[in-house]
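Below is one structure, written out as structure tokens; the observations come after it.
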Amino acid sequence: MTAVAAPDRTGARGVAPTEGLRKPRRYGRILLYLALVAGALPTLLPFVWLVRSALMQDAQMFVSPPEWIPAPFQWSNFSEALTTQPFGRYFVNTLVIAVISVLGTVLTCAVAAFSFSRLRWRGRNVVFALLLSGVMLPYAVTLIPTFVMWQELGALDTIAPLTVPSWFAGAGGGVFNIFLLRQFFLTIPFELDEAAYIDGASPWRVFWTIVMPLSKPAIIVVTIFTFIGTWNDFLGPLLYLQSEENYTLSLGLASFQSMYLTQWGYLMAASAAVIAPIIALFFVLQRYFIEGVTLTGIKN
């Protein structure tokens, strides 16, 4: 019998076909990364400008053409800027408000989202539609009535107007958080709830032991959004806080700017110090943040 030679699967030059396909994919990935870097550079430029200005003398800051490397590095800008005003006190005030707001927002919005997504009750969709319509209501419409309410309650110059609304789902930006969590809760298989109910679990137990542990990415997204919004809030503290000892970082930075308008190095250093915790928080939680945004709204 004559042996039949097996066909050559490696190609004319002995190179596997898969290796030939890898090179175009590799080049495409490199081009994609280059495009992403090129798109990220314009967004990073203001932050780079802020940091380089915080380490420069005022005379070097406005040189034309601009210089990007400080010579010499003015590290004293940070120490001088953070000691001219009680930024430590401002930091503690802002952190307390942010932590209380995050806890209240995550807990109440998660409970509301669980009710809209996992429980069945009459009028659920109608109530949810009415809740979403609150997003279209401008903040300025409720500004004066809300201020009058807190004034009548004697809560001005306290953190109550800045923290209590977060413990009522739907207040402020809570509507968006409810919608975000609801969409994520819908991706969790309902068979898990049914199995728990068969074993005698209550809805509250299902919420704490099944839904919440499986919704970590979405909860972290809500945490980041709430923390950043509270940390950067300027209008709320400006309306309700009067004593300088109760100021937040945003108010302290604004007063610092009015006091040291010509000290650009100090102002830039203080601004960089204020936004540093937010950047650190995002880098620590960015994996969960991207995962939560990606998975929200995806059905099984």
Side-chain angles (χ1 to χ4, degrees), residues 23-95 98 139 173 221 224-238 241 244 247-290 293-294:
K23 289 186 178 180
R25 293 179 181 176
R26 187 181 306 167
Y27 294 148
R29 184 174 299 177
I30 293 175
L31 292 177
L32 177 61
Y33 288 159
L34 291 177
L36 293 175
V37 171
L41 287 178
T43 61
L44 291 176
L45 184 60
F47 178 72
V48 174
W49 186 273
L50 174 66
V51 174
R52 56 76 81 170
S53 301
L55 297 173
M56 281 184 174
Q57 299 177 354
D58 291 351
Q60 186 185 9
M61 197 179 303
F62 300 103
V63 173
S64 182
E67 299 180 3
W68 292 95
I69 301 178
F73 284 85
Q74 290 292 115
W75 297 103
S76 59
N77 287 345
F78 286 91
S79 59
E80 293 292 336
L82 298 179
T83 55
T84 52
Q85 282 191 287
F87 273 95
R89 179 66 179 176
Y90 301 160
F91 177 84
V92 173
N93 295 339
T94 307
L95 187 62
Y139 177 70
V221 170
I224 294 177
F225 283 164
T226 306
F227 186 87
I228 292 177
T230 306
W231 191 271
N232 293 332
D233 186 22
F234 176 75
L235 182 58
L238 181 64
L241 300 182
E244 186 175 356
Y247 277 8
T248 60
L249 285 172
S250 58
L251 286 183
L253 191 61
S255 63
F256 183 90
Q257 182 178 0
S258 62
M259 294 174 58
Y260 299 93
L261 186 59
T262 58
Q263 300 291 335
W264 291 104
Y266 292 174
L267 181 59
M268 294 297 179
S271 301
V274 168
I275 67 174
I278 297 178
I279 297 176
L281 178 68
F282 178 78
F283 274 106
V284 171
L285 302 177
Q286 62 174 333
R287 180 171 65 90
Y288 300 101
F289 175 80
I290 297 173
V293 173
T294 304

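The basis for the numbers below is simple: all heavy atoms, side chains too, and nothing from hydrogens, waters or symmetry mates.
S250 places a side-chain N or O within 3.5 Å of a backbone atom of D233 that can act as its donor or acceptor partner. No donor-acceptor distance shorter than 3.5 angstrom exists from the side chain of Q60 to the backbone of P72, with no hydrogens or angles considered.
Shortest non-hydrogen contact noted between R52 and M56 is O-CG, 3.1 Å. Considering every non-hydrogen atom in both G265 and M61, the closest pair reads N-CE, 3.7 Å. The minimum heavy-atom distance between N77 and S53, with the atom names listed, is ND2-O, 4.5 Å. Across all non-hydrogen atoms, the minimal contact from T83 to S79 is OG1-O, 2.6 Å. Here the closest heavy-atom approach between residue L241 and residue L251 is recorded as CB-CD1, 4.2 Å. Residues L55 and F78 approach most closely at CD2-CE1, 3.5 Å, considering heavy atoms.
Note that CZ of F227 and OG1 of T230 are 8.0 Å apart. Values are rounded to the nearest 0.5 Å. Taking OG1 of T84 as the reference point, atom CD of E80 lies at 7.5 Å (rounded to 0.5 Å). To the nearest 0.5 angstrom, Y247 atom OH is 12.0 Å from F87 atom CZ. Considering CD of E244 and CD of Q85, their distance stands at 6.0 Å, rounded to 0.5 Å.
Contact of the Q57 side chain with the P70 side chain is not registered, since no non-hydrogen atoms from C-beta on lie closer than 4.5 Å. The shortest distance between side-chain heavy atoms of I275 and L50 falls below 4.5 Å. Between L249 and L253 the shortest side-chain heavy-atom distance does not fall below 4.5 Å.
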For residues 31-49, tabulate all N or O donor-acceptor pairs below 3.5 Å that involve a side-chain atom, not counting sequence neighbours.
from, atom 1, to, atom 2, distance (Å)
T43, OG1, A40, O, 2.6

Passes side-chain contact (heavy atoms from CB on, under 4.5 Å), I278 versus N232? Steps please. CA-CA 9 Å; I278 297 178; N232 293 332; 3.3 Å; yes
